[in-house]
Amino acid sequence: TVGAVAVDSEGNVACATSTGGMLNKMEGRVGDTPCIGCGGYADNQVGAVSTTGHGEAIMKVVLARLILFHMEQGQSVEAASDLALAYMKSRVGGLGGVVTVDPQGQWAARFSSLQMAWAAAQKDTLHYGLYTGEHFTQSI
Amino acid sequence: MFPVVVVHGGAGHIPKERSENSTSGVRSATRAGYTILQRGGSSMDAVVEAVTQLENNPSFNAGCGSVLNIKGEVEMDAIVMDGKTLGSGAVSAVRNIANPIQLARLVMDKTGHACLTAEGANQFARSMGVPEVPLESLITDYSRMRWKKNLAPDANPVECQMGKMG
């Protein structure tokens with residue numbers, strides 16, 4: 001699965017997510033990605049999220065919209081992402097990852113698996129990582 | 001207001017020999033999305049461009065490089081959502097399409113529906129002039145190897161794909 005979230009100079013947010021799905025899935029199996037609120041969600045009043053991981057688990061907790069609910073309650077993009085991923089892991093034993101932004105341009109790339117390839121660009125700086133805890137930067 | 005674009009290439013198990021391609025792929029896609037924002041483009045244009053680049057990169061499970069279903073075929077899903085209007089478009093179980101994310105955006109822009117699936121999504125693609133591509137062009141040696149490896153009766157495809165907990 002691949003995905004992206006963005007905030008433009010007018011403060012509009014958007015998300016996009018695309019996937020081949022799960023390895024050796026049954027024919028006709030559809031996961032979280034095309035389900036609004038699960039594979040992605042975007043609302044200028046709250047923020048935008050793109051998710052990746054075990055689709056059947058993501059759908060059970062409606063992961064993308066759950067993160068934005070936490071943000072509506074005042075949590076930061078990072079805390080909201082971590083809270084929702086932790087709930088998915090504890091409630092249904094699912095692993096996953098998210099990229100999240102709010103309309104002010106705060107962003108987070110968080111995951112409960114061991115790895116997620118991610119990158120972010122803001123103020124002419126490129127941020128990126130792969131393993132838990134990695135956060136490298138370079139000038140764009 | 002600082003424009004920002006954040007990209008992921010998928011959570012789960014990434015073998016060491018593929019990690020460099022994964023990291024460089026997401027960095028390149030992020031630059032492409034950021035260039036659109038810097039030129040005053042919309043957040044929707046930025047995310048669709050970034051994801052299109054990753055669909056075209058065989059290192060990622062989307063578009064070319066997608067994992068195979070139990071029959072050894074490729075069925076893909078995609079979604080876009082616009083925070084200004086709450087408009088959304090998605091396709092599911094779509095076949096023989098190089099960039100499902102662009103088809104999802106057409107569903108949002110050209111139909112009154114939220115999602116089109118399977119043959120309906122392919123018919124819509126034809127009506128929009130989106131070219132169909134051969135199945136073989138979406139399959140890589142790596143995806144075929146993982147498909148064969150996980151046909152074994154005792155295989156665990158979810159754990160193979162997701163890896164261990166972080």
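Please read all numbers here as calculations on a predicted model, not as lab measurements. Excluded from the calculations below are hydrogen atoms, water molecules and symmetry mates; all remaining heavy atoms, backbone and side chain alike, are included. In what follows, every chain begins at residue 1, and chains take the letters A, B, ... in the order their sequences are listed.
- When side chains are defined from C-beta on, A:Trp118 does not count as touching B:Thr30, because their heavy atoms never get closer than 4.5 Å.
- When all heavy atoms of A:Leu126 and B:Arg31 are compared, the pair lying nearest together is CD2-NH2, 3.6 Å.
- Note that CG of B:Asp77 is 8.5 Å distant from OG1 of A:Thr1, once rounded to the nearest 0.5 Å.
- Heavy atoms closer than 4.5 Å to chain A are found in both the backbone and the side chain of B:Ile14.
- Using a 4.5 Å cut-off between side-chain heavy atoms of Ile, Leu, Val, Met, Phe, Trp and Tyr, with links allowed through other members, A:Val13 and A:Ile67 fall into different hydrophobic clusters.
- Of the listed residues (B:Gly25, B:Ala46, B:Ser42, B:Ala29), the greatest number of heavy-atom pairs within a distance under 4.5 Å of chain A belongs to B:Ser42.
- Contact of A:Tyr41 with chain B is made through backbone and side chain together, with heavy-atom distances under 4.5 Å.
- The main-chain N or O of A:Gly20 is found under 3.5 Å from a side-chain atom of B:Asn61 such that the two form a donor-acceptor pair.
- Using a 4.5 Å cut-off between heavy atoms, A:Phe136 makes no contact with chain B at all.
- Interface remark: B:Val91 contributes backbone atoms only to the contact with chain A (heavy atom separation under 4.5 Å).
- Residues B:Val26 and B:Ile101 share a single hydrophobic cluster, defined by chaining ILVMFWY side chains whose heavy atoms lie under 4.5 Å apart.
- A donor-acceptor pair is defined here as one N or O able to donate and one able to accept, closer than 3.5 Å; no such pair exists between the side chain of B:Glu75 and the backbone of A:Arg29.
- In this structure, B:Ala93 and A:Val30 approach most closely via the heavy-atom pair CB-CG2, 4.3 Å.
- Residue A:Tyr131 comes nearest to B:Lys16 through the heavy atom pair OH-NZ, 3.6 Å, listed as atom of the first residue, atom of the second, then distance.
- Here A:Asn24 contributes atom CG and B:Arg146 contributes atom CZ; the two are 9.5 Å apart, rounded to the nearest 0.5 Å.
- For chain B, no part of A:Asp32 is nearby; none of its heavy atoms comes within less than 4.5 Å.
- Other residues, nucleotides and ligands place no more than 12 heavy atoms under 6.0 Å from the CZ atom of B:Arg39.
- Scanning all heavy atoms of the two residues, the minimum distance from B:Glu55 to A:Ser18 falls at OE2-OG, 2.6 Å.
- Residue B:Val74 does not touch chain A at all, counting heavy-atom pairs closer than 4.5 Å.
- Residue contact with chain A, scored on non-hydrogen atoms closer than 4.5 Å, involves the backbone and the side chain of B:Leu151 alike.
- The greatest number of non-hydrogen atom pairs below 4.5 Å with chain B, out of A:Ala108, A:Gly28, A:Gly47, is found for A:Gly28.
- Only the side chain of A:Leu130 comes within contact range of chain B, with at least one heavy atom under 4.5 Å from a heavy atom of that chain.
- Between A:Leu23 and B:Gln161, the shortest heavy-atom contact is N-OE1, 2.7 Å.
- Put simply, of B:Gly10, B:Ala90, B:Ser43, the one with the most heavy-atom pairs under 4.5 Å next to chain A is B:Ser43.
- No other option in B:Ile70, B:Val4, B:Val80 has as many heavy-atom pairs under 4.5 Å with chain A as B:Val4.
- Atom OH of residue A:Tyr128 and atom OG of residue B:Ser28 lie 13.5 Å apart, to the nearest 0.5 angstrom.
- The line from CD1 of B:Ile79 to SG of A:Cys38 is 8.5 Å long, rounded to the nearest 0.5 Å.
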For this session: Verify side-chain contact (heavy atoms from CB on, under 4.5 Å) between A:Asp124 and B:Gln38, making sure each step is shown before the conclusion.
Result: CA-CA 9 Å; A:Asp124 294 335; B:Gln38 284 181 305; 2.8 Å; yes
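- Checking each of B:Asp45, B:Leu37, B:Ile36 against A:Asp8 for a side chain to side chain contact (heavy atoms under 4.5 Å, CB included) leaves exactly one that passes, namely B:Leu37.
- Remark: side-chain polar atoms of A:Ser113 are not paired, donor with acceptor, to backbone N or O of B:Ala11 under 3.5 angstrom.
- Proximity to chain B (any heavy atom under 4.5 Å) is restricted, for A:Val101, to the side chain, taken from C-beta onward.
- For the set B:Ala114, B:Ser66, B:Ala62, B:Gly33, the entry with the most heavy-atom pairs within less than 4.5 Å of chain A is B:Ala62.
- In terms of hydrophobic clustering, with Ile, Leu, Val, Met, Phe, Trp and Tyr side chains grouped at heavy-atom distances under 4.5 Å, A:Val46 and A:Val49 are assigned to a common cluster.
- With values rounded to the nearest 0.5 angstrom, A:Gln115 atom CD is found 7.5 Å from B:Ser19 atom OG.
- In terms of hydrophobic clustering, with Ile, Leu, Val, Met, Phe, Trp and Tyr side chains grouped at heavy-atom distances under 4.5 Å, B:Val51 and A:Val99 are assigned to different clusters.
- Residues B:Val67 and A:Gly21 come closest through the heavy atom pair CG2-O, 3.3 Å.
- The candidate from A:Ala121, A:Ala109, A:Gly97 with the greatest count of non-hydrogen atom pairs under 4.5 Å with chain B is A:Ala121.
- The part of B:Arg95 that comes within reach of chain A is its side chain, from C-beta onward, which places non-hydrogen atoms under 4.5 angstrom from that chain.
- Proximity of B:Leu86 to A:Asp43: side-chain heavy atoms (C-beta onward) are separated by under 4.5 Å at one or more points.
- In terms of hydrophobic clustering, with Ile, Leu, Val, Met, Phe, Trp and Tyr side chains grouped at heavy-atom distances under 4.5 Å, B:Val133 and A:Val2 are assigned to different clusters.
- In this structure, the portion of A:Gln138 lying under 4.5 Å from any heavy atom of chain B is its side chain and not its backbone.
- Here the straight-line distance linking atom CG of B:Asn69 with atom CE of A:Met26 works out to 10.5 Å at 0.5 Å rounding.
- Chain A forms more heavy-atom pairs under 4.5 Å with one residue of B:Ser92, B:Gly40, B:Ala155 than with any other, namely B:Ser92.
- Both the backbone and the side chain of A:Met22 come within contact range of chain B, each with at least one heavy atom under 4.5 Å from a heavy atom of that chain.
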